[in-house]
Amino acid sequence: MTVKTIIIGHGAREHVIGETLVRDGADLYAFMSSKNAGLEDLSKGKIKIHSETDFKEIIEYSKENKIDFAVIGPEAPLVIGIVDALERNGIPCVGPGIEAAQLEGSKIFTRSLLEKYKITSNIFSKSFNSMENIKSYINEVGEENIVVKPDGLTGGKGVKVYGDHLFSKRDILDYCQALVDQKASFLLEEKVEGEEFTLQTFVDGKNVIGTPLVQDHKRAYEDDTGPNTGGMGSYSMENHLMPFITQEDVNEAIEDMKKVVAATKAETGVEYKGFLYGGYIKTAKGIKLIEFNARLGDPEAMNTLPILKTNFLDICMGIINGNLKSDIEFDKKATVCKYLAPEGYPTSPKKDELVVINKEKLEQIGAKYYYASVYREGENVYTTSSRAMGIIGIANDLEGAEKVAEQGVGCISGKLFYRKDIGTRKLLQKRIDHMNSLLQ
Ligand code: GLY
């Protein structure tokens with residue numbers, strides 16, 4: 001019997017989720033706020049273009065098409081309760097309910113939870129919603145040790161770090177004042193130094209199953225310079241670790257996430273089900289949590305799903321039914337994702353520019369490609385104001401995967417740019433040296 005699934009969302013992450021569902025036998029439908037050409041093709045046109053937070057429409061469309069289950073791609077519908085709304089209407093979902101999705105929706109909720117349940121990956125932080133006591137707090141911890149994090153979703157743009165975006169006590173105070181003026185709550189968090197890694201997991205309420213580690217690159221330009229972006233690309237290694245992250249580190253992070261899942265249930269009464277993204281950093285003091293996301297990563301989903309060997313529909317059903325099996329397998333391959341973005345992104349992106357894709361050559365090379373924020377008119381594809389396409393190389397080792405990704409990038413032309421350094425040995429060595437210098 002064919003399983004009818006609906007994907008909610010319109011980006012490259014949703015494109016790769018849709019591709020994996022179809023690969024493993026799903027009859028795909030897509031509900032998206034703007035048309036993703038890849039999802040349009042994979043679903044053979046069974047799409048609805050409408051707001052991804054209009055639950056009434058999503059429920060109606062799903063019921064009309066007798067959908068067996070929904071997979072929720074982005075965070076915005078999750079944190080306002082899409083799963084609760086769909087499940088009340090008999091549509092099972094891969095994604096956490098509103099209470100559990102607070103792990104992404106509220107940084108204050110997450111830090112308080114970690115503190116209350118004495119979870120060791122926590123870092124020191126204090127929440128504020130006025131300017132009272134802020135000056136004395138900054139004096140106490142030192143301005144150079146501060147990260148300011150607004151409480152709610154900010155699309156990766158609200159977090160400001162001393163030394164990267166804030167350069168004096170005045171800068172910190174001005175930013176805090178701006179948040180107070182917007183009536184926002186926020187955290188002043190301890191700044192930690194180390195190497196970041198992404199651990200994406202499948203969670204069925206109790207079991208937390210890890211997937212290959214990935215490292216994302218947030219800065220727009222080579223050598224980690226320029227403004228922060230949604231992520232310019234990422235890589236994963238054939239042994240599913242990072243050269244600076246050991247299996248013991250991963251085990252520690254998984255144990256940490258299991259405790260968080262149990263604590264979420266104890267605190268809210270709701271089981272966490274869905275994808276749980278752990279954004280961790282390895283420091284001289286061990287593994288620390290930067291953030292949780294209640295979804296897969298973008299670009300990180302493009303590194304892991306294409307090498308998933310286990311049937312993805314079985315994983316989704318395991319999440320929904322609370323009986324996820326632990327023997328989930330991935331190919332022992334390395335992957336490199338390079339994101340192509342419109343020239344000028346993220347500050348002044350060139351919109352409505354033609355993107356020419358040589359699909360035949362991409363196929364010959366064996367590079368995969370996923371549509372992000374581009375639109376298709378007739379046979380042509382055009383840029384919008386965000387990242388355009390993710391190009392993926394998969395091979396037996398990192399060098400091979402990077403080469404395929406580079407060749408794949410060469411099959412796309414237009415007013416676009418990308419980071420040539422992602423997935424290169426040189427950048428990897430820089431990360432290894434950085435970690436070694438901290439651990440000495
Ligand atoms: N790669 C960062 C994120 O998905 O939030």
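Numbering of ligands and ligand atoms starts at 1, following listing order.
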* **Per-residue contact class, Asn293 against ligand 1 - non-hydrogen pairs under 4.0 Å** => side chain
* Structure fact -> Within 4.0 Å of some non-hydrogen atom of Asp216, the atoms of ligand 1 are 1 (N), 2 (C)
* Which residues share a side-chain contact (heavy atoms from CB on, under 4.5 Å) with Ala401, sequence neighbours left out -> Ala334, Val336, Ala395
* Aromatic plane relationship, Phe312 with Phe275 - under 30° parallel, 30 to 60° tilted, over 60° perpendicular -> parallel
* To do: Name the option, out of Glu104, Glu300, Glu75, that contains the heavy atom nearest to atom 1 (N) of ligand 1.
  => Glu300
* Quick one: does Lys218 get an N or O within less than 3.5 Å of an N or O on ligand 1? -> no
* Please write down residue, atom name and distance for the protein heavy atom closest to atom 5 (O) of ligand 1. => Arg295 NH2, 2.8 Å
* Go through ligand 1 atom by atom and flag the ones less than 4.0 Å from a non-hydrogen atom of Gly297. => 4 (O)
* **Which atom of Ile98 lies closest to which atom of Asp84, heavy atoms considered** => N-OD1, 2.8 Å
* If you have a sec, work out which protein heavy atom is nearest atom 2 (C) of ligand 1 and how many Å separate them, to one decimal? => Tyr277 OH, 3.4 Å
* Tell me, yes or no, whether the heavy-atom count around Glu115 atom CD, taken from other residues, nucleotides or ligands under 6.0 Å, exceeds 12. => no
* Taking non-hydrogen atoms only, is Arg13 closer than 4.0 angstrom to ligand 1 via side chain, backbone, both or neither? -> neither
* Asked: Centre of Tyr175's six-membered ring, under 6.0 Å away, within 45 degrees of the axis: is that where NZ or CZ of Lys160 sits?
  -> yes
* To do: Hey, can you tell me if Phe330 and Phe202 have their rings parallel, tilted or perpendicular (30° and 60° cut-offs)?
  => parallel
